[in-house]
Amino acid sequence: MFRNQYDTDVTTWSPAGRLFQVEYAMEAVKQGSAAIGLRSKTHVVLGCVNKANSELSSHQKKIFKVDDHIGVAIAGLTADGRVLSRYMRNECINYNFTYESPLPVGRLVVQLADKAQVCTQRSWKRPYGVGLLAAGLDESGAHLYYNCPSGNYFEYQAFAIGSRSQAAKTYLERRFENFADSSRDDLVKDALMAIRETLQGETLKSSICTVAVVGVGEPFHILDQETVQQMINAFEIVGEQEGPAAEPDAAAGQEAAAEQGGSTDEGVAPMDI
């Protein structure tokens with residue numbers, strides 16, 4: 001991906017006004033396994049795809065609890081995500097110790113964005129190669145934020161990041177108007193459906209996805225595999241995938257991929273993302 005003489009330092013501007021090192025960090029997020037988030041007025045749901053390096057290894061953890069009212073899902077370099085989630089956890093502990101109240105979600109997201117921005121303005125540092133979906137609940141309601149390696153942050157009703165996330169975004173864009181008044185179970189259903197969109201024909205099972213929930217009267221927690229599998233069966237997601245019409249579509253998709261000579265893992269960075 002070496003582009004030109006302007007991408008050797010994060011502090012070097014190109015004539016077009018671009019910082020290539022920051023753009024490369026954002027590309028690492030796009031190559032990571034997919035993560036999605038969506039919120040209603042009372043709940044926020046995070047979901048991610050569990051991606052293992054081989055059949056003999058376990059998958060990397062992609063959803064982290066920060067506090068009872070905040071959690072994050074990551075896409076990109078897992079090591080960077082662990083460091084940032086630990087920083088967020090420390091900030092919540094310090095704020096709670098000082099003020100004896102939970103840290104507002106928006107304030108924590110701003111602090112995280114400031115920390116990421118410093119790495120875009122110091123020649124001896126590199127940008128964090130991870131994107132974070134921060135879900136939380138505070139006095140002003142439920143919130144879902146996306147933190148970018150560039151230091152930007154955005155609040156969303158629903159969003160998806162990572163590889164093949166565009167399919168999930170398309171599904172969320174069709175449904176997002178109903179999310180505000182959705183129940184907890186409906187949000188989890190839509191999260192599973194959005195995750196399924198990123199699998200490109202692979203059967204959705206509880207072993208390849210992780211779902212976490214935070215809401216009014218419900219601290220942030222990760223749902224166990226049995227609960228997720230029961231929800232998948234109840235929503236008949238597996239039945240929809242394994243229907244007669246799905247098999248020809250999958251075969252056609254494989255033929256098209258073979259003709260193009262492409263691969264779903266093409267261009268993936270050598271690091272665990």
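The analysis underlying the following values was restricted to heavy atoms, covering all of them including side chains, and did not include hydrogens, waters or symmetry mates. Along the sequence shown, the residues carry numbers beginning at 1.
Residue I195 holds its CD1 atom at 7.0 Å from SG of C48, rounded to the nearest 0.5 Å. Note that CG of N96 and CG of D68 are 9.0 Å apart. Values are rounded to the nearest 0.5 Å. Atom-to-atom distance recorded for N147:CG and L112:CG is 4.5 Å, nearest 0.5 angstrom. A distance of 10.5 Å separates CH2 of W124 from SG of C119, quoted to the nearest 0.5 Å. Residue Q121 holds its CD atom at 11.0 Å from OG of S123, rounded to the nearest 0.5 Å. I93 CD1 to T98 OG1: the interatomic distance, rounded to the nearest 0.5 Å, is 11.5 Å.
For Y6 and F20, the ring centers are positioned 6.0 Å apart or more.
Under the 4.5 Å side-chain criterion, counting only non-hydrogen atoms from C-beta, H43 is in contact with R184. Taking the side chain as every heavy atom from C-beta outward, L204 and C209 approach each other to under 4.5 Å. Side-chain contact between Q200 and R164 is present, with at least one heavy-atom pair separated by less than 4.5 Å. Contact annotation: the side chain of H69 never approaches that of F220 to less than 4.5 Å [non-hydrogen atoms, C-beta and beyond]. You'll find the side chain of P127 reaches within 4.5 Å of the side chain of V10, heavy atoms only. Contact annotation: the side chain of P104 approaches that of Y95 to within less than 4.5 Å [non-hydrogen atoms, C-beta and beyond]. Taking 4.5 Å as the limit, some side-chain heavy atom of P149 sits within range of a side-chain heavy atom of V29. By the 4.5 Å heavy-atom criterion applied to side chains, Q166 and K169 are counted as neighbours.
Salt-bridge annotation for E202 and R196: absent, with no side-chain N of the basic residue lying under 4.0 Å from a carboxylate O of the acidic one. We find that D80 and R126 are joined by a salt bridge, their nearest charged nitrogen and carboxylate oxygen being less than 4.0 Å apart. Ion pairing between a basic and an acidic side chain is recognised when a charged N comes within 4.0 Å of a carboxylate O; D67 and R89 show no such pairing.
Considering every non-hydrogen atom in both L133 and I161, the closest pair reads CG-CD1, 4.0 Å. Residues E197 and A167 come closest through the heavy atom pair O-CB, 3.4 Å. Nearest heavy atoms, L38 versus A158: CB-CB, 3.8 Å. The minimum heavy-atom distance between L103 and Q111, with the atom names listed, is CD2-OE1, 4.5 Å. Scanning all heavy atoms of the two residues, the minimum distance from V188 to V213 falls at CG2-CG2, 4.1 Å. Of all heavy-atom pairs spanning A168 and T198, the tightest one is CB-CG2, 3.7 Å.
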Would you check, one step at a time, whether the test side chain to side chain donor-acceptor pair (under 3.5 Å) holds for D9 with T11?
CA-CA 5 Å; D9 196 320; T11 61; 3.0 Å; yes
Using side-chain contact (heavy atoms from CB on, under 4.5 Å), reason through L108 and I70 one step at a time and then give a plain yes or no.
CA-CA 10 Å; L108 178 60; I70 300 177; 3.6 Å; yes
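The backbone N or O of D7 lies less than 3.5 Å from a partner atom in the side chain of Q21, making a donor-acceptor pair. Using a distance-only test at 3.5 Å, with no hydrogens or angles considered, a donor-acceptor pair links the side chain of D138 to the main chain of V105. Judged by distance alone, with hydrogens and angles left aside, the side-chain atoms of S57 form a donor-acceptor pair with the main-chain N or O of S54 at under 3.5 Å. The main-chain N or O of R39 is found under 3.5 Å from a side-chain atom of Q157 such that the two form a donor-acceptor pair. Side-chain atoms of S14 come within 3.5 Å of backbone N or O of R18 as a donor-acceptor pair. Between the side chain of N94 and the backbone N or O of N90, at least one donor-acceptor pair lies under 3.5 Å.
At a cut-off of 3.5 Å, with distance as the only test, a side-chain donor of T210 or N50 sits close to an acceptor on the other residue. Under 3.5 Å, the side chains of Q225 and Q229 contain no donor-acceptor pair of N or O atoms. Between the side chains of N152 and Y146, no donor N or O sits under 3.5 Å from an acceptor N or O. At a cut-off of 3.5 Å, with distance as the only test, no side-chain donor of S163 or K30 sits close to an acceptor on the other residue.
For the side chain to side chain contact (heavy atoms under 4.5 Å, CB included) criterion with M231, the lone passing option out of V228, T227, N233 is T227.
Y171 OH: more than 12 foreign heavy atoms inside a 6.0 Å radius.
Follow the hydrophobic side-chain contacts under 4.5 Å out from I36 and you reach L223 in the same cluster.
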